Amino acid sequence: MTSATQAYTYAAPSSLVDGHLGLATSGGRALSGPALAPRFFSGLVTQAAPAAAALLGVADVALTRYHQPRPGWTRDPVVTCGGDRLRFESFSACGGVYARLDLLGGALDGEVFDRGTTNVDVNGPLREALARVGARDPLHLGVGVGADALTVTTLDGAVVEKKVPLPERWLRGFAEVQVIAAGMDLRAELPGMIAVRFLRSLPKKATADLWAVPAGRDLRVSDRPSPGAVCLSGVGRLATLLPLLRFAKSLKVYGPADTGKASSAWELELPGMRYTLALSPERWRGFSGEGAVLADLATDQAEADADVVGMLLNFEPEVEIGLLADRANLSVARVRAALTQLGTAGRVGYDLSEAAHFHRELPYDREHVEHLNPRLTSAKALVEAGAVELDGDSARVRTDGGVREVGLADGSCTCPWWWDHRGSRGPCKHVLAARIVARSAVEVAG
């Protein structure tokens with residue numbers, strides 16, 4: 001695994017003093033263009049206590065390594081202003097847990113200065129202050145500290161710089177999780193008190209693996225999969241939901257059609273906001289290796305289409321695929337593939353509650369997000385080397401390890417990768433290479 005280094009530079013540390021929460025921003029991109037310290041919002045948070053607790057939850061995920069815990073993780077959450085909402089996102093150190101807080105219009109009363117994405121500083125003193133926010137405490141939020149911002153800092157004019165590694169698997173996780181989430185369906189919705197009872201009844205052993213099985217308006221737990229069940233691998237990975245239960249209005253649980261070891265998403269509805277956790281299929285698996293993006297990225301048009309679609313995005317809170325297709329003069333399938341391509345650079349996410357993509361721009365240098373899919377790179381190398389020979393619905397791919405037999409329809413292969421994962425983590429490089437060649441052959445014939 002390789003990594004680059006990203007420097008977060010803040011004009012001052014974030015702080016919470018006398019009810020004024022000033023979130024310092026690092027370099028990012030806004031509608032007005034690239035900015036060293038963009039300013040997005042200033043105003044009141046109408047539900048102070050749940051907002052503070054949920055923001056702390058997002059920060060906790062960014063600091064945690066759920067698999068093989070060890071200290072040293074210092075990532076800062078990402079914030080996107082979509083005009084009528086603020087989205088705070090983070091990934092765990094192990095890359096297996098994704099967290100997002102959506103502060104919706106009902107929880108915000110203030111002025112939007114710009115739309116865009118950046119990092120926000122969440123430091124130790126701020127975390128302590130957020131933990132003390134009570135239900136009756138006023139909370140004035142400033143995202144981006146401007147010269148006229150009502151923000152008090154503890155270090156006048158102090159510049160804060162954090163240099164942190166950005167592993168490829170972490171960056172790739174932002175791409176994978178939005179594709180995986182788009183393939184999930186709502187499996188259960190629990191009212192507040194039932195949701196609280198269910199979550200508090202889960203096994204105390206943090207590493208426990210189980211399935212949540214819908215039972216009327218409730219969920220029951222099982223140690224084996226069954227129809228409609230949602231995989232919950234590593235109960236402890238839901239820990240940041242627990243401090244939010246006193247505010248919970250409902251719990252929505254999402255999962256794919258596959259009831260085996262699969263990803264899941266857990267969404268708490270809070271007053272004026274939503275807090276979502278997405279979990280990888282197993283504790284030791286990060287989202288980066290799931291391979292969900294590879295099928296779309298392997299299409300010849302995806303990169304060119306992404307350039308067209310990307311120019312039409314304006315930090316919308318909901319990306320309307322049909323409207324994009326009309327404006328870009330592309331099919332819906334090609335727009336979806338283009339959004340996947342944009343996702344590899346962190347330019348789109350997926351909101352399960354809205355069943356829609358949203359636009360954001362991860363505040364990382366472009367070279368940090370290039371070449372993040374080695375399987376696709378290897379597949380293209382096989383194609384360029386002429387290693388693929390088509391034979392009807394199958395193909396033979398010559399490699400240094402011998403000839404691999406590929407089934408084009410079912411994506412099967414005789415390589416060790418396929419035998420280990422049976423397609424559960426996306427196609428292998430041989431299947432990708434064979435499908436690229438097969439698609440090219442169809443286009444030539446047409």
Side-chain angles (χ1 to χ4, degrees), residues 1-2 94-96 167-184 231 233 256-258 260-263 280-303 333 336-337 339-341 343-345 369-443:
M1 178 181 68
T2 60
C94 54
E168 285 185 0
R169 65 179 299 184
W170 193 77
L171 294 174
R172 285 163 57 195
F174 270 103
E176 296 284 349
V177 76
Q178 58 94 11
V179 177
I180 293 170
M184 293 182 183
C231 178
S233 181
D258 181 8
K261 287 284 187 178
S263 299
S280 64
E282 297 181 87
R283 298 187 309 277
W284 52 269
R285 282 168 63 172
F287 280 105
S288 63
E290 293 306 289
V293 302
L294 294 175
D296 283 340
L297 296 186
T299 62
D300 295 332
Q301 307 108 330
E303 188 170 352
R336 290 187 187 278
L339 289 173
T340 301
Q341 180 80 37
T344 65
V369 295
E370 293 179 347
H371 311 298
L372 296 185
N373 290 284
R375 262 184 276 167
L376 183 57
T377 301
S378 298
K380 290 181 177 179
L382 289 170
V383 173
E384 292 173 2
V388 179
E389 179 183 346
L390 298 179
D391 184 11
D393 291 333
S394 62
R396 287 181 290 276
V397 183
R398 298 188 307 275
T399 71
D400 292 339
V403 176
R404 307 303 183 190
E405 301 287 342
V406 170
L408 290 171
D410 61 5
S412 63
C413 185
T414 56
C415 72
W417 171 270
W418 190 85
W419 285 106
D420 285 345
H421 302 292
R422 302 298 180 106
S424 65
R425 305 194 72 180
C428 67
K429 61 184 179 182
H430 313 107
V431 171
L432 283 171
R435 286 177 171 171
I436 291 172
V437 173
R439 188 163 44 247
S440 298
V442 170
E443 290 172 356

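Along the sequence shown, residues carry numbers from 1. What's counted below: heavy atoms across the whole structure, side chains too, no hydrogens, waters or symmetry copies. If you're wondering where the values come from, they're calculated on a predicted model, not measured in any experiment.
For Asp410, the side-chain hydrogen bond (donor to acceptor under 3.5 Å, both in side chains) partners at least two apart in sequence or on another chain are Ser412. Contacts of Asp391 classified as salt bridge (charged side-chain N to carboxylate O under 4.0 Å, His left out), with partners at least two apart in sequence or in another chain: Arg396. Here Cys231 pairs with Trp211, Ser233, Lys261 under the side chain to side chain contact (heavy atoms under 4.5 Å, CB included) rule; sequence neighbours left out. Here Glu405 pairs with nothing under the salt bridge (charged side-chain N to carboxylate O under 4.0 Å, His left out) rule; sequence neighbours left out.
Closest approach of Leu390 and Ala434 over heavy atoms only: CD2-O, 4.0 Å. Here the closest heavy-atom approach between residue Val388 and residue Ala433 is recorded as CG2-CB, 3.9 Å. Cys413 approaches Trp419 most closely through the heavy-atom pair O-NE1, 3.8 Å. Between Val431 and Gly411 the shortest heavy-atom distance is CG2-O, 3.4 Å.
Rounding to the nearest 0.5 Å gives a distance of 10.0 Å between CG of Leu382 and CG of Leu432. We find the NZ-CD1 distance between Lys429 and Ile436 to be 13.0 Å, quoted to the nearest 0.5 Å. Between Thr399 atom OG1 and His430 atom NE2 the span is 4.5 Å, to the nearest 0.5 Å.
With hydrogens and angles ignored, the 3.5 Å screen pairs no side-chain donor or acceptor of Arg398 with any backbone N or O of Glu389.
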